[in-house]
*Asks:* 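Here it is, the structure, as structure tokens.
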Number of protein chains: 2
Amino acid sequence: MKLEVLTKNENKKVENFIIKGIRDLINYKNLEPGDKLPSERMLSEKFEVSRNNVREAIQKLEFYGLLKSRPQSGTFVANIGVTAMNGMIEDIIRLDEPDFKSLVETRILLELKTVKLAALRRTEEDLQKMEEALLAYKQKVLNGEDAVQEDLLFHLAIAKASGNSTMNTFMLIITPEIITKFEKYHVCDSDLSQKGIVDHQAIFDAIKNEDPQLAKQKMKDHFKELYVYCYNIE
Amino acid sequence: MKLEVLTKNENKKVENFIIKGIRDLINYKNLEPGDKLPSERMLSEKFEVSRNNVREAIQKLEFYGLLKSRPQSGTFVANIGVTAMNGMIEDIIRLDEPDFKSLVETRILLELKTVKLAALRRTEEDLQKMEEALLAYKQKVLNGEDAVQEDLLFHLAIAKASGNSTMNTFMLIITPEIITKFEKYHVCDSDLSQKGIVDHQAIFDAIKNEDPQLAKQKMKDHFKELYVYCYNIE
DNA sequence: ACTGCTAAACTGGTTAACCAGTTTTTAATT
DNA sequence: AATTAAAAACTGGTTAACCAGTTTAGCAGT
């Protein structure tokens with residue numbers, strides 16, 4: 001029994017290998033929704049991998065809603081057809097790390113919507129949180145410090161105020177990668193930050209005044225330079 | 001040492017408890033980006049939970065980019081400031097299961113974009129995949145069978161053709177929940193499915209003809225009834 | 001042959017032990 | 001006192017053992 005620490009890439013390969021195995025199993029044995037999968041121990045023996053690896057693969061498929069495991073009972077095929085199962089597994093396997101371009105593109109799409117929704121739905125508490133974030137951002141910029149994180153925090157406050165939990169989650173997922181890339185490429189210069197204050201204030205005012213169209217327009221303006229800049233990076 | 005199987009809700013509470021503990025630790029000890037966290041064993045002892053629970057919490061924070069663990073060395077605070085850290089952790093803790101309304105709202109937003117991008121960027125291979133999905137959908141509907149999954153698979157093919165890996169991932173995340181909810185509430189009746197064929201064909205043709213505006217419009221029409229229907233469910 | 005019940009086998013979840021690098025401490029040498 | 005080499009302690013990752021429900025098999029009684 002060899003024992004070595006795998007890199008994350010190797011680990012991913014093993015996981016995909018197991019996922020493919022489970023897919024083939026479902027196809028070959030004609031498992032239908034609700035049917036029980038072989039036990040984790042049997043799968044680990046069949047695929048000649050550790051039970052831990054099997055568990056991780058199953059948990060991933062469970063996250064995407066393809067499997068459902070019940071404690072002390074077994075793992076079952078979710079209520080989803082064979083064709084859908086195959087199509088989605090193929091996508092899951094081929095999922096790569098998102099490129100920066102698609103990240104920014106998605107962020108802009110999400111934010112132009114969340115800012116509109118925030119203008120329609122924001123509560124007084126939301127406003128307060130956003131104002132706090134705005135002030136923190138201003139202070140950092142006026143002190144000449146790097147304010148990428150405070151910038152993003154203001155945007156996250158907007159996402160929360162949108163009242164759409166799904167979009168809020170998605171913003172949370174893409175934000176850390178945006179931050180690291182931005183700091184890596186030094187996207188936000190000081191003069192850009194100065195303009196950022198005005199932009200943010202305008203966005204905040206529009207949300208406060210419950211003007212969704214204006215809020216969206218201000219957000220668009222805010223992204224305008226960013227958009228061009230990002231598309232020149234890669 | 002008591003030993004019992006926790007429900008997923010209880011498990012979530014424990015996870016959030018640990019995440020809060022880690023946040024407090026970072027604040028209290030003034031840990032900065034790059035600093036090392038106490039070892040998993042120490043944390044499990046300090047919080048009086050199992051090391052497994054600590055590992056899961058750390059992995060979650062790692063997923064959101066707040067921590068970074070290096071094998072055989074330690075877990076480190078990611079390159080992100082204290083304020084951003086606190087704000088994001090608060091959001092992560094308060095994240096609930098997404099409600100259906102926000103799910104549909106997000107899906108519509110994403111798809112009106114992916115269909116435009118698909119019309120602009122689709123390759124021949126993308127077209128082929130979409131056509132296959134379209135045919136499978138038609139056959140199911142014409143046989144009078146339930147075709148919710150084939151429906152969604154066509155939409156996923158569009159997302160893939162958009163060339164935006166982030167949006168594709170997000171569609172993958174929300175699709176399973178959409179499917180189960182739709183089947184639960186019987187959103188798609190047979191007459192609606194009949195219209196669905198025409199809609200899908202129109203969307204496909206627009207993408208094939210590289211007409212993004214028409215593609216978006218057809219998608220909008222396709223969602224029109226769905227949109228109203230969904231908002232009446234809850 | 002059929003039903004009811006018991007016990008053995010099996011299941012996913014959990015804990016404890018172990019592994020092989022990394023880091024820190026210690027001690028020896030200059 | 002400074003440097004370096006060796007060893008002990010520590011780290012996240014991995015494996016094996018264990019737990020308590022669930023499911024199934026087998027048997028007893030009718």
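Each chain gets a letter, A, B and so on, in the order its sequence line appears, and its residues count up from 1.
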*Asks:* Whole angstroms only, please: what is the CE-C1' distance between B:Met42 and D:dC10?
*Replies:*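 It works out to 11 Å between those atoms.
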*Asks:* Counting only side-chain heavy atoms from C-beta out, which of C:dT11, D:dG13, D:dT11 sits nearest to B:Ser69?
*Replies:*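 My answer, after comparing the listed nucleotides, is D:dG13.
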*Asks:* Please tell me which of the listed nucleotides, D:dG12, C:dT23, C:dT11, lies nearest to the side chain of A:Gln72?
*Replies:*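 Looking only at side-chain atoms, A:Gln72 lies closest to C:dT11.
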*Asks:* Of the nucleotides D:dG12, C:dT22, D:dC19, which one has an atom closest to the side chain of B:Ser73?
*Replies:*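 Nucleotide nearest to B:Ser73's side chain: C:dT22.
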*Asks:* Please tell me which of the listed nucleotides, C:dT15, C:dG21, D:dC18, lies nearest to the side chain of B:Ser50?
*Replies:*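 My answer, after comparing the listed nucleotides, is C:dT15.
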*Asks:* Check the distance between D:dG12's C1' and B:Leu37's CG and give it to me in whole angstrom.
*Replies:*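 Value for this atom pair: 13 Å.
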*Asks:* Between B:Thr75 and D:dG12, is there a contact of a side-chain N or O with OP1 or OP2 at under 4.0 Å?
*Replies:*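 Looking at the OP1 and OP2 atoms of D:dG12, one of them is under 4.0 Å from a side-chain N or O of B:Thr75.
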*Asks:* Nearest-Å distance, CG (B:Asn53) to C1' (D:dG12)?
*Replies:*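 Between C1' of D:dG12 and CG of B:Asn53: 16 Å.
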*Asks:* Could you state the NZ-P distance from A:Lys36 to D:dT23, rounded to the nearest angstrom?
*Replies:*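 Whole-Å distance recorded here is 7 Å.
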*Asks:* Nearest nucleotide by nearest heavy atom, which residue falls closer to the 5' end of DNA chain D, A:Asn52 or A:Phe76?
*Replies:*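 Taking each residue's closest nucleotide, the earlier one in sequence belongs to A:Asn52.
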*Asks:* If you check every side-chain atom of A:Glu40, which of C:dT23, C:dG13, C:dC18 has the closest atom?
*Replies:*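 So the nucleotide nearest the side chain must be C:dG13.
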*Asks:* A:Lys12 NZ to D:dG13 P: how many Å, rounded?
*Replies:*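 Rounded to the whole Å, the gap is 17 Å.
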*Asks:* What's the angle between the local helix axes at either end of the helix from C:dA1-D:dT30 to C:dT30-D:dA1, using five pairs per end and rounding to 10 degrees?
*Replies:*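 For the helix from C:dA1-D:dT30 to C:dT30-D:dA1, the axes at opposite ends meet at about 30°.
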*Asks:* Regarding A:Glu15 and A:Lys60, does a basic nitrogen lie under 4.0 Å from an acidic carboxylate oxygen?
*Replies:*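 Result for this pair is yes, salt bridge flagged.
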*Asks:* Does A:Glu111 come within less than 4.0 Å of A:Arg107, counting only side-chain N to carboxylate O?
*Replies:*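 Between A:Arg107 and A:Glu111 there is a salt bridge, with a charged N closer than 4.0 Å to a carboxylate O.
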*Asks:* Would you call A:Glu62 and A:Lys68 a salt bridge, using N to O less than 4.0 angstrom?
*Replies:*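 No.
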*Asks:* Please list, chain by chain and in numerical order, all residues satisfying side chain to side chain donor-acceptor pair (under 3.5 Å) with A:Asn79, sequence neighbours excluded.
*Replies:*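 In terms of side chain to side chain donor-acceptor pair (under 3.5 Å), with neighbours along the sequence ignored, A:Asn79 is linked to B:Glu183.
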*Asks:* For B:Arg121, is there an ion pair with A:Glu105 - N to carboxylate O distance below 4.0 angstrom?
*Replies:*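 Judged by the 4.0 Å cut-off on N to carboxylate O distance, A:Glu105 and B:Arg121 do form a salt bridge.
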*Asks:* Consider only side-chain N and O atoms of B:Asn53 and B:Ser50, and report whether a donor and an acceptor are under 3.5 Å apart.
*Replies:*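 A pair is found: one side chain offers a donor N or O, the other an acceptor, under 3.5 Å apart.
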*Asks:* When the distance from CD of B:Glu10 to P of C:dG13 is rounded to whole Å, what number comes out?
*Replies:*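 So the CD-P distance, B:Glu10 to C:dG13, works out to 14 Å.
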*Asks:* From NZ of B:Lys68 over to P of D:dG13, roughly how many Å is that when rounded to an integer?
*Replies:*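 To the nearest whole Å, that distance equals 11 Å.
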*Asks:* Using 4.0 Å as the upper bound for N to carboxylate O, is an ion pair formed by B:Lys140 and B:Asp146?
*Replies:*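 No, this pair does not count.
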*Asks:* May I ask you to decide whether B:Glu90 forms a salt bridge with A:Lys129, counting only side-chain N to carboxylate O separations under 4.0 Å?
*Replies:*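 A salt bridge links B:Glu90 with A:Lys129.
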*Asks:* Would you tell me if any nitrogen or oxygen in the side chain of A:Arg55 comes within less than 4.0 Å of OP1 or OP2 on C:dG13?
*Replies:*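 The answer is yes; a side-chain N or O of A:Arg55 sits under 4.0 Å from OP1 or OP2.
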*Asks:* Where the side chain of A:Arg51 is concerned, which of D:dT15, D:dA17, C:dC19 is the nearest nucleotide?
*Replies:*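 From the listed options, D:dA17 comes nearest.
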*Asks:* Quick one: A:Glu45 CD to C:dC10 P, roughly how many Å, whole number?
*Replies:*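 So the CD-P distance, A:Glu45 to C:dC10, works out to 12 Å.
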*Asks:* Is there a donor and acceptor pair closer than 3.5 Å between the side chain of A:Arg70 and the base of D:dG21?
*Replies:*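 For A:Arg70, whose side chain was compared with the base of D:dG21, there is no donor-acceptor pair (under 3.5 Å).
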